[in-house]
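Notes follow once the structure below has been shown.
Order of the sequence lines fixes the chain letters, A, B, ..., with proteins taken first and strands second; residue numbering starts at 1 for each chain. In what follows, every heavy atom counts, from backbone to side chain, and hydrogens, waters and symmetry copies are set aside.
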Amino acid sequence: MSIHMPLNEHRAIEDFQLSAHDDHLEPGDIILDLENVSLAFGGVKAINDISFNIKKGEVRAIIGPNGAGKTSMLNVINGFYHPQQGTITYRGEKRTAMQSTEAAKQGISRTFQNIALFKGMSTLDNIMTGRITLQNKNLFLQALWHGPAAKEDIEHRLVVEKIIDFLEIQHIRKTPVGRLPYGLQKRVELGRALAAEPALLLLDEPMAGMNLEEKEDMSRFILDVNSQFGTTIALIEHDMGVVMDISDRVVVLDYGRKIGDGSPEEVSNNQAVIDAYLGVSHD
Amino acid sequence: MSPEFLYFVETVLNGLMAGVMYSLVALGFVLIFKASGIFNFAQGVMALFAALTLVGLQTGQVPFSHLINAIFGTEIHHFGWTLPAFFAVLITLAIMVLFAYLFEAIVLKHLVNQEPIILFMATIGLAYFLEGFGDLMWGSDVKILDVGIPSGGSFWWEEVTRTWASEGSDYFGMYIDKLDVVAALVAVVLVIALTFFSKYTKMGRALRAVADDHQAAQSVGISLRTIWVLVWSISGFVALVAGIMWGAKSGVQFSLSLIALKALPVLILGGFTSIPGAIVGGLIIGVGEKLAELYVGPLVGGAIENWFAYVVALMFLLFRPQGLFGEKIIERV
Amino acid sequence: MLYREAGDFKSTYAADQQTFPIKSERYLFWAFMAVAFFVVPFFINDYWEKSILVPLLVWTMVALGINILTGYCGQVSLGTGGFMAVGAFACYKLMTGFPDLNIVFVILLSGFVTAGVGVLFGLPSLRIKGFYLAVATLAAQFFLVWMFNKFPWFYNYSASGQITAPERTVFGIAVTGASSAPWATYLICLSFVFVFAWIARNLTRGRVGRGWMAMRDMDIAAEIMGVSPFNAKLSAFAVSSFYIGIAGALFFSVYLGAAEVTEAFGIEKSFTALFMVIIGGLGSILGSFLGAAFIILFPVLLKNIMVGYLGWPTDLASHFQIMIIGGMIIFFLIVEPHGLAQLWRLTKEKLRTWPFPY
Amino acid sequence: MPASGMGAGAKPVTFPQYLLLNAKRLAGRPAMRFKDLGIWQTWTWAEQRDEIASLAIGLRELGLKEGEGVAIVGTNRPRLYWAFAAAQSLKAIPVPVYADAVAEELAFVLDNAGVRFAVVEDQEQVDKLISMTEKVPSLEVIIYDHARGLRDYDHDNLLDFTVVQDGGRAKIASDPAVLKDWEADIVASDGSEISAILYTSGTTGQSKGVMLRASASVKAAEDTAGFDNLTDRDVVLAYLPLAWVGDHYLNYAQAYVSGLCMSCPESTETVAENLREVGPTFYFAPPRVFEGLLTSVMIRMEDAGPFKKRLFKHYLGVAKKYGEQILEGKSVPLMGRISYFLGDKLIYGPLRNVLGFTNIRVAYTAGEAIGPDLFSFFRSLGVNLKQLYGQTEAFLYVTCQKDGDVRADTVGPAAPDVEIRLSENGEVQFKSPGMFTGYYNAPEKSAETLTEDGFVKTGDAGVFDQNGHLKIIDRAKDVGKLTDGSLFAPKYIENKLKFFPDVKEVVAFGDGRDNVCVFLNIDLTAVGNWAERNNISYASYQELAGLPRVYEMMREHVNSVNRDLAEEPMMAGAQVKRFLVLHKELDADDGEVTRTQKVRRGFVGERYAPLIEALYDGSTEKYVETEVTFEDGRKGKITATVKIGDAETYPAAGVKEAAE
């Protein structure tokens with residue numbers, strides 16, 4: 001039972017779309033809206049009354065010094081942490097406490113600050129795991145395998161191969177991820193997040209610990225994802241140079257509060273932001 | 001006081017005694033888990049091995065006699081001399097420390113940063129190894145262990161409690177085994193000594209540091225290996241004491257190693273990392289079991305002793321996964 | 001050295017993802033199956049059947065079940081003995097309750113019954129992890145053994161508390177009971193193991209398998225990616241208990257013939273199952289086969305050497321046996337924590353890149 | 001050779017005609033394979049014809065006319081090979097260019113060939129072309145294969161490959177006669193049109209476009225396919241540059257003529273793995289690739305376990321003794337045959353398997369001289385490696401060795417239907433069926449290379465040995481004389497030195513001087529590995545090159561070459577007197593070597609003149625500053641004091657060799 005396709009259809013990789021989670025929104029509409037969100041861990045206020053929104057199709061950067069609440073904010077967006085106050089509206093639907101698996105099913109996928117790849121699996125399997133929310137053949141069909149389950153798995157394998165081709169990691173397709181250098185592991189993790197065909201992609205410091213060349217590659221990939229698939233990207237990043245180049249709008253957090261929001265230029269000459277980064281003492 | 005109430009008190013008292021025995025074994029688990037993150041499944045077998053060695057030394061039995069006879073066709077069994085209890089205990093302790101040293105050098109050294117599941121399974125392997133080795137060394141027949149601990153019912157206590165009963169009731173006083181009392185006292189002394197040791201002495205503090213973070217402890221110059229040898233020796237000592245108490249009570253036999261399975265629910269209740277937790281947990285399970293046997297048992301066909309503790313622990317676990325005293329685990333991503 | 005892969009390219013994804021992508025291995029596997037199905041039945045005798053082949057096959061089924069739960073999904077379980085008992089008693093009740101129901105359906109149904117029980121005792125895994133879960137499954141072990149011992153209904157009020165398997169036939173050939181021929185019992189066990197190993201292979205390479213492995217490697221990341229812990233963990237418990245239920249049914253009806261619960265399905269069964277999976281190799285179908293073979297055949301070998309050859313008394317031999325098995329487990333955990341399967345994988349890779357070092 | 005007639009009964013004389021023949025005769029047989037998206041895609045000859053037909057008609061719709069050039073730039077991909085056939089089917093002329101050519105080189109070739117259409121691989125090539133639009137006015141249409149990143153380029157003169165094919169298919173669908181006429185035009189051709197213009201790598205100055213006639217190319221391909229009896233059962237992996245005559249002839253031409261299946265690797269990084277997957281039966285590689293393979297085999301064996309290393313060394317010895325005789329079917333003592341059989345099972349078989357050589361029936365090497373021990377190493381492992389000598393102007397084959405009559409230091413007798421003769425100054429001249437018709441719009445250069453009676457001057461100096469094998473000693477113009485009159489063939493000396501694994505490149509000087517001196521370039525991987533094993537630390541290539549112990553090693557090499565030269569009467573006089581190790585690698589970006597690593601002798605001579613003086617004025621070291629261009633084009637300066645070493649020379653020995 002083999003899938004043999006003439007080159008054209010098979011090769012139409014360049015304009016393949018990640019459209020499993022398409023929606024009626026036009027680019028520029030608000031895809032995610034956070035209003036007065038607060039999150040605390042037993043007395044420690046990680047996020048303190050923050051409101052901002054993300055527009056569909058834009059690259060939204062979230063920056064701020066260490067411990068400013070950036071990663072916690074990401075965990076609130078994808079339902080891993082549940083804020084004590086505030087509301088989150090995703091694609092027009094107000095969201096109460098939601099399980100993170102539910103967020104994944106609605107098209108939110110992410111990468112992690114310190115790589116959370118499945119060490120026991122190869123690059124291909126890791127990225128295939130990203131397809132889990134889109135596969136639905138039940139347990140018995142999987143047990144039978146030959147027939148619908150195998151056919152579905154191969155269709156998903158084809159999409160994953162297109163992502164592998166897109167990220168130019170063909171040469172490490174079958175290597176266990178544990179043995180890959182840091183830069184490539186980051187790219188595999190991006191591939192896994194893309195495999196879920198997200199409407200909203202959350203990137204948690206995708207370029208931390210990378211040299212200049214790797215940073216350039218990763219930025220190119222992020223821009224290509226945004227332009228070719230139209231995926232909305234929320235990006236946590238320290239390197240101001242990168243933020244200035246590739247983000248459309250920036251929100252600046254400091255000590256769990258929002259101190260700046262706007263285009264990269266506006267934000268970079270906003271005094272509060274400069275103070276926060278230069279470490280001026282707080283009043 | 002009415003006989004029923006007195007009977008209830010008696011069950012509770014016996015429950016507490018049994019609870020102390022459980023916490024004694026649980027203590028060994030907690031020590032090793034705190035210091036090395038290993039859930040030492042072989043703690044029960046170590047108690048059995050210690051008891052076997054003690055009896056073997058006391059009765060002057062020739063180690064590996066069974067094996068030697070099989071190979072050389074000889075028939076030697078005993079050296080002929082017997083050893084007073086005190087010396088036997090000391091030598092057994094020395095053997096346990098030697099065992100701790102060997103185990104660390106041969107096995108633990110190679111498994112330093114393996115996942116906990118691998119270490120857990122290594123201790124199951126150790127349990128099997130030690131059981132076979134113990135049987136091989138001292139033979140697998142049931143032995144009577146007597147180290148001079150008074151045993152049998154305490155008539156004095158029966159007399160006193162009979163007077164409590166209200167006039168005319170045919171109550172014959174509570175039956176308390178002297179051995180249990182001694183065991184309880186020894187356990188209390190042991191707990192105090194250990195808590196004192198871990199709080200105030202230099203070695204104790206090092207032990208708690210290692211328990212918290214291996215790398216950090218090493219970075220301040222604490223040698224991981226000596227700490228582990230120390231910890232396994234202490235738990236060897238605790239195993240010896242538990243072995244003596246259990247051995248004296250029900251004889252030295254294979255079932256002794258199953259008490260490890262008994263200690264598990266105790267650890268669940270008390271949490272894996274706190275010494276007071278192990279003690280309180282042990283008492284709760286001890287009393288709970290006895291009361292359940294008394295009241296719930298008949299309804300359900302009796303002998304619910306071996307699974308009741310688990311169900312209690314399980315129920316408790318569902319509401320407070322980290323046990324009585326353990327800290328809440330916050331998952332970071 | 002032995003591999004000649006030049007020119008063996010793959011032109012379909014199905015070919016690329018098959019169980020044995022290398023041609024020579026495919027042929028070897030099918031040759032091995034042919035021998036097992038068509039040659040061995042003619043040469044099998046009572047000793048080989050009762051003490052080596054049938055226990056090996058039944059225990060492989062158990063190892064497959066435990067490997068799915070612990071190897072692939074990362075949930076430690078010490079309740080295998082209890083679940084085997086459920087399989088056995090379900091089989092017994094079905095055999096006595098429905099005499100004319102074919103034995104194959106009886107075994108499958110007991111598998112489903114055990115799967116239900118497995119899911120029930122798997123519920124705690126949603127809230128607790130690691131050792132705590134091991135303890136929860138231990139509770140299942142003791143509770144189930146106690147239940148089958150205490151309530152006579154389970155053993156049809158027989159005086160000795162024992163359950164015995166009446167004779168049942170498949171295509172007219174007796175498979176259970178006294179008059180079952182060695183090759184018949186061997187073949188039925190072999191067919192069950194072959195089919196369900198193939199199913200296990202299918203489950204573990206598809207969506208379900210990847211979900212399990214994700215849950216095992218990093219459950220938080222898996223959850224965030226949409227693998228719901230409820231489905232993953234409970235499906236693992238269900239499938240694993242299904243396998244163990246079938247093994248329990250086979251263990252009782254085909255292998256033992258009669259069984260008393262505390263003696264046949266005690267806690268040491270759970271430990272044996274866990275040893276098989278560790279030594280065989282967590283997370284590998286081949287590992288289940290290798291682990292079961294090692295834990296079953298090694299003691300038989302030892303006994304032959306010590307009792308047969310050296311003439312030692314059997315109890316001495318059994319002490320030695322326990323000691324050596326304990327020692328082997330520690331040895332394996334140090335040398336190769338991923339078991340025989342990993343050793344086999346390394347040798348295969350060395351052979352494939354021969355003469356270059358791997 | 002396919003015997004059956006073609007349409008009107010005539011034998012095919014153009015590659016498109018073979019396409020139509022194969023599409024009928026070998027319809028179901030695989031024609032092209034390409035590893036893409038993780039698996040190998042296969043097209044049968046029938047499918048390949050359809051792909052080419054739709055492309056050709058699409059191109060015609062875009063206005064491609066007969067005689068116009070079509071530039072083809074990129075690595076080995078099926079669509080680019082189809083562009084060749086599509087252009088040829090319209091009697092347009094495909095002009096392949098190296099994928100790694102810099103923008104200026106690309107512009108020069110396209111402008112020189114007056115090209116209107118370009119079929120390129122990806123964004124990288126498109127960017128090069130766009131940056132050079134003003135230099136190539138004739139270029140109108142660029143067609144790209146891999147559209148990655150090209151979404152928001154302005155598409156007025158930029159077209160996706162599939163769009164062109166869809167255009168062709170639409171035309172065919174709307175008017176079926178179009179396909180018939182296309183096939184009829186192909187059949188009608190008498191093969192007189194130019195089937196390709198291949199630009200030589202220009203070791204002698206600017207690169208020139210070699211025009212190859214269709215019928216001549218087909219005839220040459222038929223000869224050599226017959227010589228090695230290639231059939232549609234054969235498989236080949238196309239991994240060498242698309243624009244190089246070697247790839248175009250061996251993979252493209254011979255595929256159409258013999259019906260063999262061509263496979264393209266997934267990407268340049270996965271060639272080794274793809275070679276193993278495909279397991280080709282016909283293989284070609286320049287000596288440098290074999291050298292690289294041998295070094296990597298030896299280095300990887302260094303880290304093998306002691307037992308495996310001993311086993312490997314032992315059986316290599318056995319292979320050295322008996323390997324070649326067994327390959328050539330000569331008689332070998334029984335013991336030798338048995339231990340070789342064992343060796344085959346233990347070492348050679350697996351080694352061939354790991355390298356992907358198991359199914360190789362015929363392997364060739366050419367392009368430059370190959371070291372005797374490197375050549376016999378692979379033959380002794382059971383790889384039927386043979387030598388050939390060729391040129392772009394001959395559409396490759398001039399001489400080739402027959403199975404069983406193979407020698408390391410010669411390039412074999414004349415290829416089928418080829419006449420060879422030596423001019424008075426020893427230059428090799430040939431006339432062959434596949435020879436070129438001249439250089440594209442460079443008639444004066446064509447005249448220079450052709451003799452009056454139609455022979456092509458190869459520019460290489462050679463000599464015939466006693467059993468009729470040609471032996472190339474050097475470039476004709478480089479062959480000089482020492483002051484004492486003895487022959488000085490620099491290449492011959494350089495090759496002998498380059499056969500040592502730790503020597504990467506050598507440049508010899510001596511023409512018109514009283515003795516021979518050489519520049520040496522060490523091989524960074526081999527010498528680096530040696531340094532690592534003897535724990536010698538070095539910070540840069542320059543420092544490693546200057547180490548006294550490295551100089552010692554080089555002196556031994558030069559002495560051993562001098563001993564070899566002493567045995568050959570003609571060469572005895574040209575032994576190396578003094579040598580130095582260059583402080584930097586000769587690099588193509590600095591223009592010191594060509595794209596295919598051939599040394600540009602003149603350029604090197606001027607650039608390092610002070611060093612040459614130092615060699616001859618007896619000084620022991622020389623301070624020198626050299627300008628270097630880095631990868632991204634920035635210029636920089638490297639300074640070094642290069643030491644100079646002396647070598648021993650040996651008296652000429654033995655009787656004078658037989659006739660010239």
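Heavy atoms closer than 4.5 Å to chain C are found in the side chain of B:Phe41, but not in its backbone. For B:Ile106, the part lying near chain C is the backbone, with the side chain staying farther off; criterion is any non-hydrogen pair under 4.5 Å. For a residue to count as touching a neighbouring chain, one of its non-hydrogen atoms must lie under 4.5 Å from one of that chain's; by this rule C:Ile322 touches chain B with backbone and side chain alike. Proximity to chain B is absent for every atom of C:Phe332, based on heavy atoms less than 4.5 angstrom apart. Using a 4.5 Å cut-off between heavy atoms, C:Glu268 contacts chain B through both its backbone and its side chain. Proximity to chain B (any heavy atom under 4.5 Å) is restricted, for C:Pro313, to the side chain, taken from C-beta onward.
When each of C:Leu274, C:Asp315, C:Ile324 is checked for heavy-atom pairs under 4.5 Å with chain B, C:Asp315 comes out on top. Annotation: maximal heavy-atom pairing with chain B below 4.5 Å, among C:Asn149, C:Val145, C:Leu138, occurs at C:Leu138. In terms of heavy-atom pairs under 4.5 angstrom with chain B, the leader among C:Ile329, C:Ile325, C:Ile278 is C:Ile278.
In the displayed structure, B:Phe64 atom CZ is contacted under 6.0 Å by more than 12 heavy atoms of other residues, nucleotides or ligands. More than 12 heavy atoms of other residues, nucleotides or ligands shown are found within 6.0 angstrom of CZ on C:Phe298.
In this structure, B:Tyr128 and C:Phe271 have perpendicular ring planes: the angle between them is above 60°, well past the 30° mark.
Rounded to the nearest 0.5 angstrom, B:Glu131 CD and C:His319 NE2 are separated by 8.5 Å. Atom CE of B:Met121 sits about 11.5 Å away from atom CD1 of C:Ile279, to the nearest 0.5 Å. In this structure, CG on B:Leu126 lies 11.5 Å from CG on C:Leu333, to the nearest 0.5 angstrom. To the nearest 0.5 angstrom, C:Leu78 atom CG is 8.5 Å from B:Leu264 atom CG. B:Leu111 CG to C:Ile334 CD1: the interatomic distance, rounded to the nearest 0.5 Å, is 5.0 Å.
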_Walk me through whether C:Phe320 and B:Leu67 qualify under side chain to side chain contact (heavy atoms under 4.5 Å, CB included)._
CA-CA 10 Å; C:Phe320 245 101; B:Leu67 186 62; 3.5 Å; yes

